[in-house]
Amino acid sequence: MTTYEKYQKLLGPIPEFLLKYLTLDILLRLQDISLECGMDYASKDAYDISFFISRYDHSLSVALNTWRLTHDKCATLAALFHDIATPVFSHVIDYMNGDTIIQESTEEKTLEILQSSAELKEFLEMDGIELDSIINFKDYSIVDLERPKMCADRLDNIIAVGLHIVHTLNFNDVVNIVKATSKTINEDGEEEICFSNKEAALKIQESNDAFNSLTHSKKDSYMMSLLAKIVRKCLNLSLISYDDLFVMGEHDMMDIIEENQLIDYELENMWTEFKSIRDFPKCERVEVKNKVVNPLVLSKRLM
């Protein structure tokens with residue numbers, strides 16, 4: 001069991017009403033979408049990723065944290081489906097779309113994907129919940145808040161990267177973090193996750209800052225941009241359509257690349273480089289989202 005799986009158990013049992021939603025095909029697809037934008041499949045000289053975390057894993061954790069703090073079914077379902085529109089390779093597609101700073105260019109498909117599931121509508125009817133109440137996860141501040149505030153989505157992302165890519169957290173740190181979190185009303189009248197001790201908040205800030213440095217590095221810019229070019233080349237060669245990115249898994253996508261790379265010299269070279277690069281060429285750093293956090297410790301901001 002990975003440290004992330006052990007952390008997930010700290011969040012408590014899956015509430016019974018949520019179990020049926022975990023069987024939906026639109027959600028199960030996220031088991032083959034990596035949290036780290038496909039960089040799990042990159043050259044091992046590019047990233048030190050200890051184990052795989054999927055968008056499904058992340059979505060479940062965000063939902064469990066939301067339930068633990070609110071016991072609100074609508075907020076919990078909004079949390080569970082907050083990444084439902086995540087395409088193959090996640091934010092790499094934002095890079096391809098020229099949206100490297102806001103990184104929300106694919107979220108517009110959330111409504112379309114949720115409406116496409118007859119089973120989801122059936123489950124919601126069973127629970128007496130309207131689809132409109134779970135579509136926009138931004139309606140629930142405990143799920144999503146503007147930076148530098150702390151929400152369930154951001155907290156889980158930081159814990160995940162701290163455990164498996166920037167290696168700033170161990171399991172004892174995570175136990176302390178989970179025990180220290182609760183729900184409060186912030187200075188703007190919003191529900192926000194806060195910490196009961198400074199040590200937990202500092203560990204979250206340290207992990208966030210380490211990951212922010214990684215995503216602002218020239219190496220990460222190069223690798224994300226390279227994979228974006230590979231996806232764009234597949235689109236240009238009509239190997240896939242843009243809509244396919246939102247219904248397929250990453251291994252399906254990689255199979256298509258592997259099967260077709262010999263038909264295009266540029267695609268073959270880029271894919272080989274992505275998988276095996278050791279020396280990173282000089283390149284301009286892409287301007288990306290600045291991931292800053294300033295969590296609440298009791299009633300005061302850390303900084």
Side-chain angles (χ1 to χ4, degrees), residues 3-15 18 35 53 57-80 82-83 103 134 136-216 289-303:
T3 49
Y4 184 84
E5 290 169 327
K6 290 197 289 184
Y7 143 69
Q8 204 170 53
K9 287 187 175 297
L10 290 176
L11 302 179
I14 299 171
L18 199 64
L35 186 63
I53 301 175
D57 300 324
H58 165 65
S59 297
L60 178 55
S61 295
V62 176
L64 290 176
N65 241 327
T66 300
W67 178 254
R68 178 175 69 94
L69 296 170
T70 68
H71 277 71
D72 182 322
K73 288 184 178 181
C74 291
T76 299
L77 287 171
L80 183 67
H82 81 281
D83 268 353
Q103 298 185 5
I134 70 165
N136 188 3
F137 58 89
K138 295 179 186 294
D139 287 343
Y140 302 94
S141 61
I142 205 72
V143 179
D144 182 87
L145 267 177
E146 292 293 324
R147 290 180 181 274
K149 299 170 184 175
M150 187 56 57
C151 57
D153 181 22
R154 188 159 303 126
L155 178 64
D156 185 72
N157 262 306
I158 295 170
I159 289 173
V161 299
L163 288 173
H164 87 144
I165 188 168
V166 294
H167 311 295
T168 51
L169 296 176
N170 59 40
F171 184 63
N172 287 334
D173 294 326
V174 175
V175 171
N176 184 39
I177 288 166
V178 172
K179 286 182 177 179
T181 53
S182 62
K183 181 182 69 171
T184 192
I185 303 298
N186 66 21
E187 63 273 29
D188 296 316
E190 304 160 314
E191 288 189 332
E192 181 177 351
I193 293 176
C194 71
F195 296 90
S196 61
N197 67 73
K198 191 174 181 179
E199 180 188 7
L202 284 171
K203 290 303 294 186
I204 284 295
Q205 191 170 61
E206 176 192 359
S207 299
N208 176 81
D209 291 350
F211 189 61
N212 195 40
S213 295
L214 174 62
T215 59
H216 280 78
K289 179 190 291 187
N290 194 27
K291 298 180 173 69
V292 296
V293 294
N294 187 14
L296 285 168
V297 181
L298 298 176
S299 60
K300 293 183 179 180
R301 293 285 167 194
L302 188 59
M303 297 177 62

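Because only heavy atoms are used, hydrogens play no part in the values below, and waters and symmetry mates are left out as well, while side chains stay in.
If you run salt bridge (Lys or Arg N to Asp or Glu O under 4.0 Å) between Glu187 and each of Arg301, Lys149, Lys300, only Arg301 comes through.
In terms of modelled atom types and a separation under 3.5 Å, the side chain of Arg68 and the main chain of Leu11 share no donor-acceptor contact. Side-chain N or O atoms of Thr70 include one that pairs as donor or acceptor with a backbone N or O of Asp72 at under 3.5 Å. Distance alone, capped at 3.5 Å, is enough to place a donor-acceptor pair between the Ser141 side chain and the Glu191 backbone. Proximity of a side-chain donor or acceptor of Asp173 to a complementary backbone N or O of Asn170 within less than 3.5 Å is detected. For His216 (side chain) and Asn212 (main-chain N/O), a donor-acceptor pair under 3.5 Å exists by modelled atom type. A donor-acceptor pair is defined here as one N or O able to donate and one able to accept, closer than 3.5 Å; no such pair exists between the side chain of Glu192 and the backbone of Ile142. In this structure a side-chain-to-backbone donor-acceptor pair under 3.5 Å is present from Thr181 to Val178. Checking side-chain atoms of Gln205 against main-chain N and O of Val293 turns up a donor-acceptor pair under 3.5 Å. With hydrogens and angles disregarded, no donor-acceptor distance shorter than 3.5 Å links the side chain of Asn294 to the backbone of Pro148.
Across all their heavy atoms, Val292 and Arg147 have their closest contact at O-NH1, 3.2 Å. When all heavy atoms of Tyr7 and Phe171 are compared, the closest pair comes out as N-CE1, 3.7 Å. Pairing each heavy atom of Ile158 with each of Ser207, the nearest pair is CG2-CB, 3.7 Å. Closest approach of Phe137 to Ala78, counting heavy atoms only: CB-O, 3.7 Å. Considering all non-hydrogen atoms of both residues, Ile193 and Cys151 come closest at CD1-C, 3.5 Å. Nearest heavy-atom pair across Asp83 and Ser59 is CB-OG, 3.8 Å.
Remark: the Asn136 side chain and the Asp139 side chain contain an N/O donor-acceptor pair separated by less than 3.5 Å. Remark: the Ser61 side chain and the Tyr4 side chain contain an N/O donor-acceptor pair separated by less than 3.5 Å.
Looking at Tyr140 and Thr66, their side chains never come closer than 4.5 Å, going by heavy atoms from C-beta outward. By the 4.5 Å heavy-atom criterion applied to side chains, Glu206 and Leu202 are not counted as neighbours. With contacts defined as side-chain heavy-atom distances shorter than 4.5 Å, the pair Ile14/Leu64 qualifies. For the pair Leu80 and Thr76, the minimum side-chain heavy-atom distance is 4.5 Å or more. Contact annotation: the side chain of Leu145 approaches that of Glu190 to within less than 4.5 Å [non-hydrogen atoms, C-beta and beyond]. Within the 4.5 Å cutoff, the side chain of Cys194 has heavy atoms near those of the Ser182 side chain.
Rounding to the nearest 0.5 angstrom, the gap separating the CG atom in Leu169 from the CG atom in Asn172 is 11.0 Å. One finds the NZ atom of Lys203 at 13.0 Å from the CG atom of Asn208 (value rounded to the nearest 0.5 Å). Put simply, OG1 on Thr3 and NE2 on His164 are 9.5 Å apart, with the number rounded to the nearest 0.5 Å. The distance from atom CG of Leu18 to atom CH2 of Trp67, rounded to the nearest 0.5 Å, is 8.5 Å. In this structure, CG in Asp144 is found 8.0 Å from NE2 in His82, a value given to the nearest 0.5 Å.
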**Message:** Pair Asp57, Glu5 - check side-chain contact (heavy atoms from CB on, under 4.5 Å), show working.
**Reply:** CA-CA 9 Å; Asp57 300 324; Glu5 290 169 327; over 6 Å; no
**Request:** Could you walk me through whether Gln8 and Leu60 pass the side-chain contact (heavy atoms from CB on, under 4.5 Å) test, one step at a time?
**Result:** CA-CA 9 Å; Gln8 204 170 53; Leu60 178 55; 4.0 Å; yes
**Message:** Evaluate Phe195 against Leu298 for side-chain contact (heavy atoms from CB on, under 4.5 Å), listing each step before the verdict.
**Reply:** CA-CA 6 Å; Phe195 296 90; Leu298 298 176; over 6 Å; no
**Working for side-chain contact (heavy atoms from CB on, under 4.5 Å), residues Thr184 and Leu296** = CA-CA 9 Å; Thr184 192; Leu296 285 168; 3.8 Å; yes
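The salt bridge (charged side-chain N to carboxylate O under 4.0 Å, His left out) analysis of residues 150-164, with sequence neighbours excluded, yields no pairs.
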